[in-house]
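Quick note: numbers below take in every heavy atom, side chains included, and nothing from hydrogens, waters or symmetry partners. Predicted, not measured: the structure shown is a model, and the values here were computed from it.
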Amino acid sequence: MEKMKAGVVGATGMVGQRFLTLLENHPYFEVTALVASPRNAGKTYEEALDGRWKLSTPLPEKYKKMVIISSEDVETVGKLCSFVFCAVNMKKDEIKELEYKYAKAEIPVVSNNSAHRWTPDVPMVIPEINPEHLEVIKAQRERLGTKRGFIAVKPNCSIQAYVPELTPLRKYGIKEVVATTYQAISGAGKTFNEWPEMIDNVIPYIGGEEEKSEQEPLRVWGKVENGEIVKADGPVITTQCIRVPVTDGHTAAVFVKFENKPTKEQILEDWRSFKGLPQELGLPSAPEQFVTYFEEDNRPQAKLDRDIYGGMGVTAGRLREDSLFDYKFVGLAHNTLRGAAGGAVLIAELLYRLGYFD
């Protein structure tokens, strides 16, 4: 099978680096364009990084001598690849403009950025949960005047630690959710070498994160109406988001109240049997088991469990009844794999198999 040519826009950042490791030997996609800020254009990837490779896995040899293309040079990128992944560190309005530029040049964009998460005809997808939202691409193409070009986005990394567990429980009528997330430093694109003040420290604020954590689940659970995604009316979600001294893996402590309270056994069975289109289609990045539950009281742990199914599985533990709410539990997701680059690669695999890149 001939692989589809892909570009990575924002290739020098932490998420861009993660894209490259995931795509090094991908069965569907081949990276043919490394794209970064104009100041790095013309340098080799190794030169542009200048020792700033942030991952524990080594920099793949195949990318070292590839020459960086300016993110503004959309024409050249379009000649080299059929679609792009986008993970850039820019102002929100600049990201919007850049992603529109690619889409209007008939280059589909699978975005890791937050800029278009609330654009009504841009699907924001967790592939196991709301693949039907991809239907709005047709309306988006009509608005943009494109045949191939469109933008699809991945939601915030922190919600992946609890939305997968809550989704199969919505049939019981979720009324209220309280979630506190304990978020790894890689969520800020940092390592401990770059952020020594995070060692032996907890910071009780992450800018903009609580609003995303409260509102984005409602969009994921929303419905497609007249070529737009209309967010769900409820449940009411309130969150606190805290930065903790962990390299990778966002943990969530979750409390939930139902209209029709299920038994603990029903919840565990709903998690065990929760599958989606990625599992049905056997997509390369799809975890065999979407939500894995641990019976041990001290699990899930970021260090032990974040890499389950290549970092694409979600884990849960400590499910028990609560004195104020009906139940409480702990969730965990790898923030740069399931929550960022891996989640975007899974979206691209789904788009590919459903024919959206044709």
Legend entry - Check: Asn335/Gln183 side-chain N/O donor and acceptor closer than 3.5 Å: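 Asn335 vs Gln183: no donor-acceptor pair found between side chains.
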Inset, instruction - Verify whether one side chain among Ser213 and Ser158 offers a donor that lies under 3.5 Å from an acceptor in the other. - result: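 Present: a donor and an acceptor within the cut-off.
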Inset, instruction - Please check if atom NZ in Lys3 has more than 12 non-hydrogen atoms from other residues, nucleotides or ligands closer than 6.0 Å. - result: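 Check passes, neighbour count above 12.
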Legend entry - More than 12 heavy atoms of other groups within 6.0 Å of Asp93 CG: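 Yes, CG of Asp93 has more than 12 neighbouring heavy atoms, counting only those of other groups under 6.0 Å.
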Is a donor on one side and an acceptor on the other found under 3.5 Å between the side chain of [X] and the backbone of [Y]?
{"X": "Arg52", "Y": "Leu49", "answer": "yes"}
{"X": "Arg306", "Y": "Asp248", "answer": "yes"}
{"X": "Trp118", "Y": "Val122", "answer": "no"}
{"X": "Glu216", "Y": "Asn156", "answer": "yes"}
{"X": "Gln17", "Y": "Lys54", "answer": "yes"}
{"X": "Lys231", "Y": "Gln215", "answer": "no"}
{"X": "Arg117", "Y": "Lys154", "answer": "yes"}
{"X": "His26", "Y": "Ser285", "answer": "no"}
{"X": "Glu106", "Y": "Gly149", "answer": "yes"}
{"X": "His250", "Y": "Ala184", "answer": "yes"}

Measuring from atom [atom1] of [X] to atom [atom2] of [Y], what distance do you get when rounded to the nearest 0.5 angstrom?
{"X": "Leu59", "Y": "Glu24", "atom1": "CG", "atom2": "CD", "value": "9.0 Å"}
{"X": "Phe294", "Y": "Leu332", "atom1": "CZ", "atom2": "CG", "value": "8.5 Å"}
{"X": "Thr181", "Y": "Glu210", "atom1": "OG1", "atom2": "CD", "value": "7.5 Å"}
{"X": "Met124", "Y": "Ser114", "atom1": "CE", "atom2": "OG", "value": "10.5 Å"}
{"X": "Leu324", "Y": "Lys257", "atom1": "CG", "atom2": "NZ", "value": "7.0 Å"}
{"X": "Asn113", "Y": "Met90", "atom1": "CG", "atom2": "CE", "value": "8.5 Å"}

Inset, instruction - Walk me through it: do Glu197 and Lys190 pass the test salt bridge (charged side-chain N to carboxylate O under 4.0 Å, His left out)? - result: CA-CA 11 Å; Glu197 56 269 33; Lys190 304 279 190 184; over 6 Å; no
Inset, instruction - For side-chain contact (heavy atoms from CB on, under 4.5 Å), just list the numbers for Val136 and Glu228, CA-CA rounded to whole Å, side-chain angles, deciding distance to a tenth of an Å, and then say yes or no. - result: CA-CA 6 Å; Val136 300; Glu228 294 185 353; 5.7 Å; no
Legend entry - Verdict with supporting geometry, Ser82 and Arg148, side chain to side chain donor-acceptor pair (under 3.5 Å): CA-CA 10 Å; Ser82 300; Arg148 278 192 83 242; 4.9 Å; no
Inset, instruction - Start with the C-alpha gap between Lys212 and Ile159, add the side-chain angles, then the distance that decides, and say whether side-chain contact (heavy atoms from CB on, under 4.5 Å) holds. - result: CA-CA 8 Å; Lys212 293 175 190 173; Ile159 76 168; 5.9 Å; no
Any [X] side-chain heavy atom under 4.5 Å of [Y] side chain:
{"X": "Val345", "Y": "Phe85", "result": "yes"}
{"X": "Leu166", "Y": "Trp221", "result": "yes"}
{"X": "Lys101", "Y": "Val77", "result": "no"}
{"X": "Val236", "Y": "Thr238", "result": "no"}
{"X": "Trp195", "Y": "Pro245", "result": "no"}

Under 4.5 Å between side-chain heavy atoms, counting indirect links through other Ile/Leu/Val/Met/Phe/Trp/Tyr residues: same cluster for [X] and [Y] or not?
{"X": "Leu20", "Y": "Val67", "value": "no"}
{"X": "Ile174", "Y": "Leu268", "value": "yes"}
{"X": "Met14", "Y": "Val35", "value": "no"}
{"X": "Val9", "Y": "Phe357", "value": "no"}

Centroid-centroid distance, [X] to [Y], less than 6.0 Å:
{"X": "Tyr352", "Y": "Phe29", "result": "yes"}
{"X": "Trp53", "Y": "Tyr63", "result": "no"}
{"X": "Tyr293", "Y": "Phe329", "result": "no"}

Inset, instruction - Give me the one residue out of Leu319, Thr167, Thr292 that meets side-chain contact (heavy atoms from CB on, under 4.5 Å) with Trp271. - result: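 Among the candidates, only Leu319 passes.
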Going by an N to O cut-off under 4.0 Å, is there a salt bridge joining [X] and [Y]?
{"X": "Arg338", "Y": "Glu128", "answer": "yes"}
{"X": "Arg353", "Y": "Glu349", "answer": "no"}
{"X": "Glu132", "Y": "Lys223", "answer": "no"}
{"X": "Lys171", "Y": "Asp270", "answer": "yes"}
{"X": "Arg272", "Y": "Glu269", "answer": "yes"}
{"X": "Lys62", "Y": "Glu30", "answer": "yes"}

Inset, instruction - Test Phe325 against Val256 for side-chain contact (heavy atoms from CB on, under 4.5 Å), laying out the working first. - result: CA-CA 6 Å; Phe325 287 73; Val256 58; 5.7 Å; no
Legend entry - Chi angles and distances behind the side-chain contact (heavy atoms from CB on, under 4.5 Å) call for Arg243, Met198: CA-CA 8 Å; Arg243 189 73 72 195; Met198 265 313 302; 3.8 Å; yes
